[in-house]
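Just so you know, residue 1 is the first one in the sequence shown, and it goes up from there.
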Amino acid sequence: MYKTYAINNVEVTNDLLILMIDSKEYRFKLKEISEPLSNATIDEKSEFIVSPSGYGIHWPRIDEDISIHALLMKK
């Protein structure tokens, strides 16, 4: 079972996913973490749900899920 995280802020730009996790900022290039997210429109990228437990983020319009644990393992 993975650790839960306090996701304080989520911002998605054309090229980046910017997260504030446990009061620390992380930046991820969309091309490196998710092809569907990288190819999505800005409107599709802007609609997301952060899991209440802090396990991940879901983008319903493109049916994409990102695990916070998996992201942090890349850093």
> CG/Leu37 to NZ/Lys31 distance, rounded to the nearest 0.5 angstrom?
Replying inline: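 The distance works out to 13.0 Å.
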>> I need the Ile62 CD1 to Ser34 OG distance, nearest 0.5 Å.
In response: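 So the CD1 of Ile62 and the OG of Ser34 are separated by 6.0 Å.
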> Is there a donor-acceptor pair under 3.5 Å between the side chain of Ser46 and the backbone N or O of Ile42?
Replying inline: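 Flag set: sc Ser46 to bb Ile42 pair under 3.5 Å.
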> Hey, does the side chain of Glu44 reach the backbone of Thr41 with a donor-acceptor pair shorter than 3.5 angstrom?
Replying inline: yes
Side chains of [X] and [Y]: does their closest heavy-atom pair fall under 4.5 Å?
X: Trp59; Y: Ile66; answer: yes
X: Glu47; Y: Pro60; answer: yes
X: Tyr5; Y: His69; answer: yes
X: Ile33; Y: Leu71; answer: yes

>> What verdict does the side-chain contact (heavy atoms from CB on, under 4.5 Å) test give for Ile7 and Ile68, after you've listed the backbone C-alpha separation in whole Å, the side-chain angles of each residue and the deciding distance to 0.1 Å?
In response: CA-CA 9 Å; Ile7 302 170; Ile68 299 302; 3.6 Å; yes
When the side chains of residues 8-23 are checked against the rest of the protein, which donor-acceptor pairs come out under 3.5 Å, sequence neighbours left out?
from: Asn8; atom 1: OD1; to: Ser23; atom 2: N; distance (Å): 3.1
from: Thr13; atom 1: OG1; to: Asp15; atom 2: N; distance (Å): 3.3
from: Thr13; atom 1: OG1; to: Leu16; atom 2: N; distance (Å): 2.9
from: Thr13; atom 1: OG1; to: Leu16; atom 2: O; distance (Å): 3.4
from: Asp22; atom 1: OD1; to: Ala6; atom 2: N; distance (Å): 2.9
from: Asp22; atom 1: OD2; to: Lys3; atom 2: NZ; distance (Å): 3.3

>> On a heavy-atom basis, which atom in Tyr55 and which in Ser51 lie closest, and how many Å separate them?
In response: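 Looking at all heavy atoms of both residues, the shortest contact is N-OG, 2.9 Å.
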> What is the minimum heavy-atom distance between Ser38 and Lys45, and which atoms define it?
Replying inline: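 Closest pair (atom of Ser38, atom of Lys45, distance): O-NZ, 3.7 Å.
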> Step by step, would you call His58 with Asp63 a side-chain contact (heavy atoms from CB on, under 4.5 Å)?
Replying inline: CA-CA 7 Å; His58 175 68; Asp63 194 29; 3.6 Å; yes
> Just wondering, are more than 12 heavy atoms of other shown residues or ligands nearer than 6.0 Å to CD in Glu25?
Replying inline: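 Result for CD/Glu25: enclosed.
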